[in-house]
Amino acid sequence: MNVRRTPVAIFLTTILALGFSLGSIAAPSSAQATPAASVGQTGFHTAYTVLYQQGSTGIGVRRIQARLKERRIYTGRVTGNYGSKTTGAVKVFQRNQRLAITGKVNQRTLDRLRSLTSTPTDAALYNLDRRCLTGRVLCVDKTDRRMRYVRAGKIVRAMDARFGCSDTKTREGAFKVYRKSRNHVSSIYNTPMPYAMFFNGGQAVHYSSDFAARGYNGCSHGCVNVRNKSSIAWVFDQIRIGDRVVVYWS
């Protein structure tokens, strides 16, 4: 049976349908809506996201270790390797500061550590001997097998270094460059010693093609070998007679 709809009924039906449609568009679903608390929640997650933990490496870890060392919580060398010793020091710091004791560094822990310490210097980050902190110095660290050209306490350039064999050890101590020889050839071993900077008897800092080819599988006759030729050539031009060479264990 057909039912005749009056104009009023048709109008009301249209209005109700339109209102329902507009309401559906204007009001987002619960899946689409963004809670007001979500902004704060994002900040919460950022603050507690782990930045460094056991197994992390690099300059960021060095900075953390240096800052903890300034607080006298971390002892020993700054290595850039986040091991059990760093984890323990972080836990002590977190306990002292009433932070969550996890041994892991999140943004809250890092911000607190930064607020209580100074920006680490090159000396702190790379275990420079105190004798390396003034003037121009070839700072030779036997522990991490690196030679660093340091000027006024700042590292200008760093490079891998190799030392003497067990029976021809490279001597530790503070010395001065007394002779430079750009294209030197050893009078004892008849081997090339380019960019030689002599600092103690026959011992010199110089480029070694053997080091470049064999790496740490070999050793020198007492000299400090460098395997990056362009780096040692550049340093050779910077160093003057009388500049210091400091050879040490960090």
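Values below: every heavy atom of this structure, side chains too, minus hydrogens, waters and symmetry copies.
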Side chain proximity check, His184 to His206, heavy atoms < 4.5 angstrom
no
Hydrophobic cluster membership, Phe198 vs Phe175, 4.5 Å side-chain cutoff:
no
For residues 191-200, which residue pairs qualify under side-chain hydrogen bond (donor to acceptor under 3.5 Å, both in side chains), counting only residues two or more places apart or in two chains?
Arg171-Asn200
Closest approach of Trp249 to Glu172 (non-hydrogen atoms, all atoms of both residues)
NE1-OE2, 3.3 Å
Nearest 0.5 Å please: distance from the CZ atom of Phe211 over to the OG atom of Ser220.
10.0 Å
Going by atom types alone, do Gln65 and Thr86 pair a side-chain donor with an acceptor below 3.5 Å?
yes
Test salt bridge (Lys or Arg N to Asp or Glu O under 4.0 Å) on Arg146 and Asp160; report intermediate values, then the result.
CA-CA 5 Å; Arg146 298 281 278 173; Asp160 293 339; 2.7 Å; yes
Can a donor-acceptor pair be found, under 3.5 Å and without considering hydrogens, that links the side chain of Arg162 to the backbone of Gly215?
yes
Could Lys85 and Tyr74 be counted as a cation-pi pair, given that NZ or CZ must be under 6.0 Å from the ring centre and within 45° of the axis?
yes
Passes side chain to side chain contact (heavy atoms under 4.5 Å, CB included), Ile239 versus Leu138? Steps please.
CA-CA 8 Å; Ile239 290 294; Leu138 294 180; 3.9 Å; yes
Under 3.5 Å donor-acceptor, Tyr216 side chain and Ala161 backbone:
yes
Got a donor-acceptor contact below 3.5 angstrom from the Ser56 side chain to the Gln53 backbone?
yes
How long is the gap from OH on Tyr207 to CE on Met159, to the nearest 0.5 Å?
13.0 Å
Any luck finding a side-chain donor-acceptor pair between Asn183 and Ser181 under 3.5 Å?
no
Contact list for residues 62-130, test disulfide (SG to SG under 2.5 Å), sequence neighbours left out
none
Would you compute the distance between atom CG of Asp129 and atom SG of Cys139 and round it to the nearest 0.5 angstrom?
6.0 Å
Does the structure place the NZ or CZ of Arg157 under 6.0 Å from the centre of the six-membered ring of Tyr149, at an angle of no more than 45° from the ring's axis?
no
In terms of heavy-atom contacts, Ile155 and Asp122 come closest through N-OD2, 2.8 Å
Among side-chain atoms of Thr109 and Gln94, is any donor-acceptor pair under 3.5 angstrom?
yes
Out of the candidates Val105, Leu99, Leu68, Ile73, only one should pair with Leu113 under the side-chain contact (heavy atoms from CB on, under 4.5 Å) rule; please name it.
Leu68
In terms of side-chain heavy atoms, does Ser250 have a donor or acceptor partner in Asp141 at a distance below 3.5 Å?
yes
Under a plain distance cut-off of 3.5 Å, with no hydrogens placed, do Thr117 and Glu70 share a side-chain donor-acceptor pair?
no
Rounded distance [0.5 Å steps], CG in Leu116 versus CD in Gln97:
5.0 Å
Could you check whether Arg227 and Ser209, counting side-chain N and O atoms only, form a donor-acceptor pair closer than 3.5 Å?
no
